[in-house]
Structure formats: C-alpha cells, structure tokens
Amino acid sequence: MTNMLCESAFFGVVISLLAYELGMLLKKKFGFPIFNPLLISIAVVIVFLAVFDIDYQNYNDGAKYLSYLLTPATVSYTHLRAHETRRHL
C-alpha cells in the first residue's frame, strides 16, 4: 500500500501542499516571522521523507509538476514587482 502511494503521480504534490497548509496555519496562529510557510513546508517535507524512509526521487516524481507550474509564476511575479518598484522611483 505504501509503495503504491509513493509511486502515485500526485504524491509529491499532496505532501507539498499539506506541508504548506501547515505552515500557513502556524503563521496565522503564532504570527512570528520564523513561521514562514515556505520554510515550514520545506522542513516538514524533509522530516516526512526521512521518517517514513521515502526516496527523494519518488517524492520528486510528483512534486516536479508543482515546480513546473510555480517557476513561471514566480518569474512573472518578480518581474511585476521590479516594474512597480521602478515606477515609484
């Protein structure tokens, strides 16, 4: 059962999104800057993979789709912010 779950195409996406949601919950509850949702999600995914002895490649096979979608969005957002900053100078 665990092997089937790890080889699912959405395994990495689900783990990543659940870890990010946990980070958002902690940030909302405590409000400390150290509870950055991205930082929390990275730590949670690392601990999850280590505790359950899941190969990173199995995780990355599913998470690569999330990365594929987030990379252009990040670049677009950065370009927009840089343009706004130049406009205010």
Side-chain angles (χ1 to χ4, degrees):
M1 179 72 175
T2 306
N3 204 17
M4 185 180 79
L5 233 118
C6 290
E7 292 177 4
S8 168
F10 298 107
F11 173 71
V13 173
V14 170
I15 296 301
S16 298
L17 292 178
L18 288 175
Y20 187 79
E21 283 298 317
L22 176 65
M24 291 291 289
L25 180 74
L26 289 173
K27 176 74 173 174
K28 189 175 185 180
K29 182 170 177 126
F30 296 108
F32 295 125
I34 193 68
F35 290 120
N36 181 319
L38 187 57
L39 180 64
I40 296 295
S41 65
I42 292 169
V44 168
V45 167
I46 290 171
V47 169
F48 182 85
L49 295 178
V51 167
F52 291 104
D53 196 30
I54 298 170
D55 187 37
Y56 176 75
Q57 189 59 41
N58 288 342
Y59 163 76
N60 195 38
D61 285 344
K64 66 183 175 186
Y65 301 111
L66 188 61
S67 177
Y68 176 76
L69 295 172
L70 284 177
T71 301
T74 303
V75 171
S76 298
Y77 178 74
T78 305
H79 179 72
L80 177 67
R81 295 293 296 166
H83 181 70
E84 287 178 358
T85 303
R86 275 188 249 129
R87 193 170 21 149
H88 290 293
L89 293 177

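Everything numeric here is computed off the predicted structure, so don't read it as measured data.
A continuous path of hydrophobic side-chain contacts links Tyr56 to Ile15 [ILVMFWY only; heavy atoms under 4.5 Å]. Hydrophobic clustering (ILVMFWY, side-chain heavy atoms < 4.5 Å, transitive): Ile40 and Leu38 are in distinct clusters. Cluster annotation: Leu39 is not connected to Met24 through the hydrophobic network of ILVMFWY side chains, with a link wherever side-chain heavy atoms come within less than 4.5 Å.
Screening residues 12-39 for side-chain hydrogen bond (donor to acceptor under 3.5 Å, both in side chains), with sequence neighbours left out, gives Ser16-Tyr59.
Taking CD1 from Ile34 and CG from Leu26, the interatomic distance works out to 11.5 Å, rounded to the nearest 0.5 Å. Between atom CG of residue Leu18 and atom OG of residue Ser41 there is a gap of 11.0 Å, rounded to the nearest 0.5 Å.
In the hydrophobic clustering, where aliphatic and aromatic side chains (Ile, Leu, Val, Met, Phe, Trp, Tyr) are joined below 4.5 Å either directly or transitively, Leu69 groups with Tyr68.
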Mind listing the side-chain donor-acceptor pairs of residues 42-55 below 3.5 Å, one per line with the distance, residues two or more places apart or on another chain?
none

